[in-house]
Structures are given as C-alpha cells and as structure tokens.
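Lettering of chains follows the sequences in order, A, B, ..., and the numbering in each one begins at 1.
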Amino acid sequence: MKDFMFIFRGGSDAQNYSPEQMQKHMQKWFAWIDKLKAKGQYVDGKPLTPAGKTVKGSNALVTDGPFAESKEIVGGFFLIQADSFEEAVEIAKGCPDLPLNGSVEVREVMQIPAPVES
Amino acid sequence: MVAVLTRIFGLHHLDLVEDVVQESFLKALQTWKYGQLPDNPQGWLMQVARNKAIDILRKREKEGSGIDIEKKFESEATDIGEFFHTDEISDSQLRMIFTCVHPTLKPEDQIALVLKTISGFSVQEIAKALLTNDSAIQKRLYRAKEFIRSERIAFEIPAGHALTDRLEVVHTFLYLLFNEGYNSAKADELIRKDLCAEAMRLCKILIEHRICSSPTGYALLSMMCFHAARFESRLDHNNSIVLLQQQDRRKWNEELINIGYRYLNHSAAGEEISVYHIESAIAAEHCMAKSFSDTNWERVLQLYDLLLKLKPSPTVELNRAVVLAELGHVQSAIDAVLAIKNIEVLLKGHYIYSAVLGDLYKRLSDQVKATEFLEKAFGLTTSKAEKDLLLQKIRSIKPQDN
C-alpha cells in the first residue's frame, strides 16, 4: 500500500447550482467517499478555507492569497491509500467535480526508507 | 429553509433570504464534500444562513434602510433555535405554501413560486419542469413576489372558515403539481419524478399538521401514492409509454401501494367525499387487480359515474367511455365519446380524443375509421413516446382485404 494526496482545485461551477442541485451534488461526493471507505482507500479529507497568505523570499514578504483565479484555489484534500499510482489515478477519475471545471492533482507521498542496519 | 428564514426575517426579505440560502448551501458543499460532516448538518446550515442574513441586514441598516435589526434580534436571538424544531419547520413550510398558493395569484405563478421558495429549484429547473424558458419563469417569479409585497399578503396559516377555502386551493394546487410531473410527456424523467415527490412531500406535511389535516388531504395523498407506485412501469427502456394494459405489474411499488391504502382508510373519516376520494378509489381498484383483465370494471364504472356527478369534465367522460369498452360495450363507448359536449372542438384540439376513438373503432374492426382517427391523433401530439405508440397501433391494423 502506498499513500497518496489528492489536491482538489476549482469545481466552482457549482455556485450556479440551486440548493436542490447542490444537495444532489453533495450526495455524489458522499457516495464516492463511502465507496472509497468501503475499499479501505479513504484515509482522511479536509476542506481548506479560501483565504490565505503567502510568505516569500528572504525578506519574508507576506502577500494575500496565492491565487490568481478561483479555479486555481485548492478547495481541500484527501489522503488516499492505493496499491499503485495507476490505481490512485483511476480513483481520482471518480471525482464528482470534474464536470464542474474541477481538477484533482494526484501526488504520491514519498516513503523515506529506514537506514539499513549493518 | 427559505420558509424558516422567511418566518424569522419577514416575507418582504424573500429575495435576501433566497440569496442567503444559496450561499449557505454553497458553503456547506465546499466544506462537507471532503468527508467531514458536522454533528448537526441542518443546524450548521441554518446557523450559517442566519449569520449571513444578519450580516447583510446590518450592512443595509448602516446604509440607512431604516430597519431596526439589532432590536429585532435581541428579542428573537434567544429563541431562534426554536424555529428549527421539526414541528416549527413544517409550520414555516405550511405558511410558505399558503402564501405562495394565494388564491389571488395565478396558478402558473403559484407553481413557479412554490418550486423556487419551498423546493429549492433553480430558475432553469423550473423552466425545464414547466416546459417554458428561463425568462418566462423569472417574469412569473418577479410578478408573484411583487404581488406578495404590494398586497401585503400575510405569512400565516389561515384560521377558521378561511382555512377551509384556502385548503381547497392548496389541494388543487398539489393535485396540479403532481399531474405536472406525472403527465408531462416532454420533460425528462428525473425532473418529473422530482415534481411528483415534491407534491407528495408537501401533501404529507399538510396532513400531518394538526389544523391542516383533512380527509380530503388524505385522499389526495393516497391517490398520489397509487399513481406514483406505477411510475417505473409507465415507460419502457426506450422511454416509450407503456399502457396500463401492458404494464408489468411486478414493477409496481408495493410499499407505496400499501401506504396508499393506509391513507385512503384515513380519508374515510368524516362525511366528506371529494373528487380525490373517488379518483383515489379508482386508482386503488387498478392497484388491487392482479392483471388488467382482473380489474373490477363494474366497480370502476360506478366510481366514474360518481366522479362525473361531482366533477363533470370531458376527460372524465372519456375515461368512463374506455371503461364501458372494457365491459364489452364498445359501440356505447363510441357513442359516449361522440356525445361529449363540443367533441368536434376537442377532437381538433387534443390528440387523446382521436386516439381513444381510433382505438375503439379498431376493436370494432372498423379499420377505415380506426386508421383515420389514429392518424389524426398522430398529427396532433408532439410527444415522441405517444407518436411511437400510435404508429405501432396504426401498423397493427390489418390491411383491408381486397
């Protein structure tokens, strides 16, 4: 088993949804998560608040927000367990936000090997 | 939710409330979708909505709108939680129903307003459900809201005699809403189901309320249950209409049918016999029959006779004629259809009359007249499913022997 991080961006097209449609869309997310949980693939997931600051450079310059456009904003993340990178990518294809201009960045969490004892 | 907030903020803030609900749902979606639900999602949502609404109202107050918000909230903030008890939510929704289904509003405006404020449909969804375009719906909503504002319609459940009258209007409205979903041949299936489900949900709130409950309400809901139970079997995988005769009765939802019987029993309390009682009884007869030929047509005919007395209409007469035919009196059925008042006009206006006549002539093996009427019906309907069905019938008529 390998650990992966799913980084969710965009999906802001949902703002044009009616409350009724949003509820249905939320159901899709819950169904997806339930499916992943049943397979033992979903470890954790959290939303990020939209506001943020960026600290940069040797002067530690602080600027508001890393984002240019709303579709670039990271909305939240999953921690996922999968056998392979391919499997993780397959899982990401089930993201309900894809039709809403959303994207999933799939990153493998690097395993740092323990030093070999000699 | 719109209903509850409207009760807190007042009917004149309906637009504000709608915006706030929209934003709150968006926030909930963005927060919850990664798998973390709060302990009490509904309470959370209401809290967010309430805070947003207060923010906006405070801002407006600063701009000098003249509403004394702080005062309003000092008195109400303490017991605001009470508005979110289940009973109170139903109560708010009922107030909303009575407001939206005000007798002075046009029926088409009523439907649009209910779907928007109580059911949370978007303008696009409403337009799709009612087979019209977005701007028409926007106009209707605007007109309805303006009317509520200018006429100072109260956000309340009427009492006493007024309740009886207004309840009747609400029943009619729910009946229409259900039919809109059940019979609209053009709207897509999902939307149609939503409309039916919404009509049933609202009707249930009505009969569960201590004051608004009535035998007629029970009868109406039982009728909806019987019809809804057959929803799945009415269309085949090609989206073509399946007639009652050919429907796979195993697909009927037994649970819904049983619930329907239960409500129908409740509706028998009291002296009152409404149109819905009879229509429900007819639907129940169909649900009871194991097969089409097992249907107790004698009983159905009696019910239609009764219905005709209570609510004379060409549709009822037409349905009654079909029952006559099932009892073997095909010629009398044809005579009955032709005797409907203004039948010439009806035949030109709606395909169903020609379709039924064609069908009846087909049974009499009058192939010329059967073909003539079925083709006329074919030309009158725009529904693909209906057209397919008619075409199938026309083709099944054996060519005349030379």
Side-chain angles (χ1 to χ4, degrees), chain A residues 5-51 70-71 73-81 91-92 94-102 104, chain B residues 1-6 17-38 41-42 44-46 48-49 52 93 112-129 134 137-138 141 181 188 190-191 193-195 197-198 201-202:
Chain A
M5 192 170 207
F6 283 13
I7 300 156
F8 297 96
R9 286 192 174 83
S12 55
D13 284 12
Q15 69 198 27
N16 300 323
Y17 273 0
S18 68
E20 169 91 2
Q21 287 169 315
M22 282 193 238
Q23 278 183 24
K24 280 184 187 153
H25 190 63
M26 197 144 28
Q27 292 307 324
K28 283 189 196 163
W29 273 88
F30 293 158
W32 188 41
I33 292 172
D34 284 346
K35 204 175 83 189
L36 299 181
K37 274 184 185 164
K39 291 186 192 163
Q41 293 169 327
Y42 177 92
V43 182
D44 196 8
K46 289 266 167 34
L48 301 182
T49 57
S70 67
K71 65 171 198 262
I73 298 179
V74 177
F77 65 86
F78 276 5
L79 285 179
I80 290 287
Q81 281 200 324
I91 294 173
C95 171
D97 269 8
L98 297 180
L100 296 176
N101 253 326
V104 191
Chain B
M1 183 150 174
V2 169
V4 173
L5 289 168
T6 303
V17 166
E18 278 179 9
D19 289 349
V20 161
V21 168
Q22 175 78 16
E23 279 178 43
S24 308
F25 268 90
L26 188 62
K27 185 164 178 195
L29 176 65
Q30 284 164 349
T31 310
W32 299 348
K33 66 182 181 183
Y34 302 105
Q36 310 280 332
L37 261 181
Q42 206 178 11
W44 186 94
L45 203 52
M46 280 293 183
V48 169
K52 277 184 193 290
Q93 291 195 326
L113 197 59
V114 165
L115 292 178
K116 185 77 173 43
T117 57
I118 307 179
S119 316
F121 281 38
S122 68
V123 169
Q124 292 91 319
E125 283 174 293
I126 302 173
K128 222 168 143 193
D134 293 5
I137 292 299
Q138 246 139 9
L141 288 171
D188 76 49
L190 269 176
I191 289 239
K193 269 191 192 161
D194 278 354
L195 288 182
E198 210 31 41
R201 186 180 74 86
L202 299 178

Atom pair NZ (B:K27) and CE (A:M22), whose distance is rounded to the nearest 0.5 Å
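Rounded to the nearest 0.5 Å, the NZ-CE separation comes to 13.5 Å.
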
Rounded to the nearest 0.5 Å, what's the gap from CD on B:E125 to CD on A:E20? Could you check?
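Answer rounded to 0.5 Å: 6.0 Å.
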
Please step through side chain to side chain contact (heavy atoms under 4.5 Å, CB included) for the pair A:K24 and B:D194, ending with a clear verdict.
CA-CA 12 Å; A:K24 280 184 187 153; B:D194 278 354; 2.8 Å; yes

Do A:I33 and B:K33 come within less than 4.5 Å of each other through their side chains, counting heavy atoms only?
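Side-chain contact under 4.5 Å: no.
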
So which heavy atom on A:Q21 is nearest to which on B:S122, and how close?
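Where A:Q21 meets B:S122 most closely, the heavy atoms are OE1-OG, 3.9 Å.
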
Over all atoms of both residues, closest heavy-atom pair of B:L29 and A:A14:
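Looking at all heavy atoms of both residues, the shortest contact is CD2-CB, 3.6 Å.
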
B:Q22 versus chain A, the contacting section by heavy-atom distance below 4.5 Å
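For B:Q22, backbone and side chain are both near chain A.
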
Which portion of B:S119 sits near chain A, non-hydrogen atoms under 4.5 angstrom
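Contact with chain A involves the backbone of B:S119 alone.
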
Taking every heavy-atom pair that is under 4.5 Å apart, which of A:P96, A:P47, A:G75 has the most such pairs with chain B?
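The candidate making the most pairs under 4.5 Å is A:P47.
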
Please check this pair: side chain of A:S18 against backbone of B:G120, looking for a donor-acceptor N/O pair closer than 3.5 Å.
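Indeed, once roles are kept as given, a pair shorter than 3.5 Å links the two residues.
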
Which residues satisfy the ring-ring contact (aromatic ring centres under 6.0 Å, His included) test with B:Y34, sequence neighbours excluded?
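Partners of B:Y34 by the ring-ring contact (aromatic ring centres under 6.0 Å, His included) criterion, ordered by chain and then number, come out as A:F8, A:W29.
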
List for me each residue that meets side chain to side chain contact (heavy atoms under 4.5 Å, CB included) alongside A:K35, sequence neighbours excluded, and say none if there are none.
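For A:K35 the side chain to side chain contact (heavy atoms under 4.5 Å, CB included) partners, ignoring immediate neighbours, are A:K39.
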
Give, as side chain, backbone, both or neither, the part of A:D97 having an atom under 4.5 angstrom from any heavy atom of chain B.
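Contact with chain B is through the side chain of A:D97 alone.
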
Measuring heavy-atom distances to chain B, does A:Y42 have an atom under 4.5 Å in its side chain, in its backbone, in both, or in neither?
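Only the side chain of A:Y42 comes within 4.5 Å of chain B.
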
Determine, stepwise, if the pair B:W32 / A:F30 fulfils side chain to side chain contact (heavy atoms under 4.5 Å, CB included).
CA-CA 9 Å; B:W32 299 348; A:F30 293 158; 4.0 Å; yes

